[in-house]
Amino acid sequence: MSLVLERPRRGRPPARNEILRGGRLGGVEPERLAERFGTPLYAYDLDVVDRQVAALRGVLPDRVELAYAVKANPALAVVTHLARSGLGADVASGGELATAQRAGVPADRIVMTGPGKRDDELRAAVTAGIRAITVESLGELGRLETIARDLGRRQPVMLRAAVSQEARLERVRLVGDDGAGKFGMDAADLVDAARRAAHSMDVELLGLHVFGASNILDAPALVEHVRSTSRAAAELGRIAGLPITLIDAGGGLGIPYEPQEESLDLVGFGRGVEAVTDGWPSDPWLAGARLLLEPGRFLVGSAGAYVARVVDRKSVDGAAVVILDGGVHHVLRPALVGQEHRVRPLGRPVGRSAPVTVAGPLCSGLDVLAAGAVMAVPQVGDLVAVLDVGAYGFTESMPYFLSHPIPAEVVVQGGRAALIRPRLDPGEWLDRQLVPDLASEERSSSASGLDRA
């Protein structure tokens, strides 16, 4: 089967584990946060993160390990909190590797994935002694072998399969979203890479990595992905002549963004994964294998809120429009993927609910956070929260566009708040820019030349 986003289910909205509870953000009055840290701001509730981690761990069998996908939210305080909870880290760049290391994630719990790894990034990963590097191509495998040999190391690797409806590893179909061919290797290269890695003195073949798709709310689809990946891993082991010790099924565990969507059936997911992995001991190629999952959005998405203040309110052709002091330059996802987040007014509602367009201050028609969101129309000076932005929020944005202040990031826990990244005003990055006088430099160079003559 091919993994696709589940259609929203109609019905009564379920209770959610999220930062906004009883009008407060992680137990803190929003106005206190705004006064202390300014607006706009990002806030992350670490208690929500803890509950998500506990809920996922509670349904998974012992054979499963978790590595937090740092790309979802690389804030050092968030990664450190998850490291202290015992999670590993899935990193996709040298910068994310450095973040995981500084956060205290043990090297033997870090895996590196992603296409286009530079030699310096591979060298840093090998030097750090991380658990595994996911190899995306035969060319990358060759570069990694050279780097490992130069460093006197033998680097553990997984091989990443490019997945599509047509892709096969011998008799095993690999399913999912192929990312237009950007990720992983096709079946022929995968077989060649497996045989080469199995006989290499510079890399150690651990297993297979197959990422299915993002933000899946359909538990049976996720289970089927784990099942098909394990079958492909067993076939890879047979081809390489080596038992598989690590199977990486990626992330993809979703959160509901729409009010009518239901949360992922964790119990069903856990039971399905257990049914799949229970069969591994009887398979000679999988008997000692561990399953690695890389959740990111599921752990931190609902923990985040973007808080902005209303600076203008008007009626356009009878429809209410409010303009905030922040917009899609800080929360790009609504414009990027065409899916609105839930937007909620903070404070006591005044007046009847009505459809409201909530937009930001940018000179762009794309700067709309919600069109027709039903709420009590906020007044100028009111605070508004965009929810479910704990993942792919702050660092997926384009904060320098139009030179507005870059928002502070804050964590909240147990009703307390702390700054984790300060607000950055335009003057601060103006001070880091240079205006060279190239004409003066040219005259100076010419004069130096004459002097030497």
Side-chain angles (χ1 to χ4, degrees), residues 1-3 67 90 92 111-117 121-122 125-126 130-148 154-214 224-252 276 280 283-294:
M1 66 184 295
S2 180
L3 299 183
D90 160 44
V111 295
M112 175 176 273
T113 61
K117 304 181 197 70
E121 293 174 312
L122 292 173
V126 174
I130 70 171
R131 181 180 191 179
I133 295 174
T134 293
V135 173
E136 300 262 346
S137 70
L138 284 168
E140 185 174 86
L141 178 60
R143 290 190 293 119
L144 180 57
E145 285 182 298
T146 300
I147 289 167
R154 190 165 187 242
Q155 176 61 47
V157 299
M158 290 181 287
L159 304 180
R160 184 168 183 174
V163 289
S164 68
Q165 288 296 337
E166 295 76 28
R168 294 176 182 269
L169 171 60
E170 298 295 315
R171 299 182 298 275
V172 180
R173 183 181 294 272
L174 303 174
V175 302
D177 178 4
D178 68 357
K182 176 179 179 177
F183 301 104
M185 292 175 267
D186 64 18
D189 280 359
L190 194 62
V191 169
D192 289 346
R195 289 172 175 159
R196 176 173 171 176
H199 295 92
S200 175
M201 299 298 294
D202 305 304
V203 299
E204 176 190 1
L205 179 60
L206 301 184
L208 182 70
H209 179 140
V210 183
F211 179 83
S214 297
E224 179 57 31
H225 174 63
V226 173
R227 179 178 291 108
S228 64
T229 301
S230 65
R231 289 173 179 162
E235 186 65 11
L236 186 77
R238 185 194 67 78
I239 291 168
L242 292 173
I244 297 299
T245 59
L246 188 60
I247 299 174
D248 189 336
V276 172
W280 289 3
D283 187 322
W285 303 110
L286 302 180
R290 307 282 294 174
L291 176 64
L292 185 65
L293 298 179
E294 300 168 353

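Just the heavy atoms: all of them, side chains too, but no hydrogens, waters or symmetry mates, feed the values below.
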**Complete:** Heavy-atom closest pair (Leu190 atom, Arg160 atom, distance to 0.1 Å) is CD1-O, 3.9 Å

**Request:** Grab the two heavy atoms, one from Leu205 and one from Ala197, that are nearest each other, plus how far apart they are.
**Result:** CB-CB, 4.1 Å

**Complete:** Taken in chain and number order and not counting sequence neighbours, the residues that satisfy side-chain contact (heavy atoms from CB on, under 4.5 Å) with Trp280 are Arg63, Ser230, Ile247, Val276, Thr277, Leu286, Ala289, Leu291

**Residues which pass side-chain contact (heavy atoms from CB on, under 4.5 Å) with Ala198, listed by chain and number, not counting sequence neighbours** = Ala240, Leu242

**Pairs flagged by salt bridge (Lys or Arg N to Asp or Glu O under 4.0 Å) wherever residues 284-293 is involved - sequence neighbours left out** = Glu65-Arg290

**Request:** Could I get the full list of salt bridge (Lys or Arg N to Asp or Glu O under 4.0 Å) partners for Asp189, not counting sequence neighbours?
**Result:** none

**Asked** What are the two closest heavy atoms between Arg131 and Leu292, and how far apart are they?
**Response** NH1-CD1, 4.4 Å

**Complete:** Nearest heavy-atom contact between Val226 and Ala249 is CG2-CB, 4.2 Å

**Prompt:** Hey, does Thr134 have a side-chain heavy atom less than 4.5 Å from the side chain of Leu159?
**Reply:** no

**Asked** Taking the side chain as C-beta and beyond, is there a heavy-atom pair between Leu144 and Val157 under 4.5 Å?
**Response** yes

**Message:** For a 4.5 angstrom cut-off between non-hydrogen side-chain atoms, does Ile147 reach Gln155?
**Reply:** no

**Asked** Do you know the tightest heavy-atom contact between Thr113 and His209?
**Response** CG2-CE1, 3.3 Å

**Request:** Heavy atoms only: give me the nearest Asp248-Thr229 pair and the separation to one decimal.
**Result:** O-CG2, 4.3 Å

**Item:** Listed partners of Thr245 passing side-chain hydrogen bond (donor to acceptor under 3.5 Å, both in side chains), at least two apart
**Value:** none

**Asked** salt bridge (Lys or Arg N to Asp or Glu O under 4.0 Å) with Glu294: which residues, sequence neighbours excluded?
**Response** none

**Asked** Looking at side-chain heavy atoms only, is the closest gap between Met201 and Glu145 below 4.5 Å?
**Response** no

